[in-house]
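What follows is a short report on a single structure.
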Amino acid sequence: MTHILLLEDNADMLTMMSQVLEWGGYTVTAGRSGKEGVQLLADASHPPDLVVCDLLMPDMDGLAFLDYVRNHIHWSEIPVVMMSAHSSPQDRQGAIAHGANDFLVKPFNLEDFQKILAKWERS
């Protein structure tokens, strides 16, 4: 079963996305900031198979979280999908430049979300 670390600061969106992922058969660990995401990674006995992370979060935003992950030997290879309501080319390019594997624009439909997840799931 694929384990996803989901980071989203909006509580309603976090709950909804967690439920959708769990209904899809994924194991989900959820947090509301990049700082919490780092702690969840540090506390995990095994790293997640995939991280889905909001771009704008309190304490530590998605790019700072991504930089931290990419510079950590145990987590650097985890696929990370950034998501944001900010959909400018600069936002996308910035996320990819920081090491994101993909970028999902909110709001998104379930089909697009499933395609992104399938693309980056580890076998």
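Between the CD1 atom of I96 and the CG atom of D91 there is a distance of 11.5 Å, given to the nearest 0.5 Å. One finds the CD atom of Q114 at 11.0 Å from the CZ atom of F108 (value rounded to the nearest 0.5 Å). For the atom pair OG of S18 and CH2 of W23, the computed distance is 11.0 Å after rounding to the nearest 0.5 Å. Between the CE atom of M17 and the CG atom of L6 there is a distance of 5.0 Å, given to the nearest 0.5 Å. Atom CG of residue D67 and atom CE of residue M60 lie 9.0 Å apart, to the nearest 0.5 angstrom. To the nearest 0.5 Å, atom CG of residue L50 and atom CH2 of residue W120 are 9.5 Å apart.
No hydrogens or angles considered: nothing links the side chains of T15 and D12 as a donor-acceptor pair under 3.5 Å. In the model, H3 has no side-chain atom that pairs as donor or acceptor with a side-chain atom of D49 under 3.5 Å.
Using a 4.5 Å heavy-atom threshold, the side chains of R32 and L7 count as separate. The closest side-chain heavy-atom distance from M83 to E8 is below 4.5 Å. F113 has its side chain within reach of L21: a pair of non-hydrogen atoms, C-beta onward, lies under 4.5 Å apart. Under the 4.5 Å side-chain criterion, counting only non-hydrogen atoms from C-beta, L117 is in contact with I4. Using a 4.5 Å cut-off on side-chain heavy atoms (C-beta onward), F103 and S84 make contact.
Here the closest non-hydrogen pair linking L5 and F65 is CD2-CZ, 4.2 Å. Between P48 and V51, the closest heavy-atom pair is CG-CG2, 4.2 Å. Here the closest heavy-atom approach between residue P58 and residue D9 is recorded as CD-CB, 3.5 Å. Taking all atoms of both residues into account, the shortest heavy-atom contact from C53 to M57 is SG-CE, 3.5 Å. For the pair A30 and L14, the tightest heavy-atom approach, listed with the atom from each and the gap, is CB-CD1, 3.7 Å. Nearest heavy-atom pair across R70 and I78 is NH1-O, 2.8 Å.
Using a cut-off of 4.0 Å between Lys/Arg side-chain N and Asp/Glu carboxylate O, D54 and K106 are scored as salt-bridged.
Relative orientation of the H74 and H72 rings is tilted, given thresholds of 30° and 60° on the angle between their planes.
Between R92 and the options D102, V105, L55, L104, a side chain to side chain contact (heavy atoms under 4.5 Å, CB included) holds for only V105.
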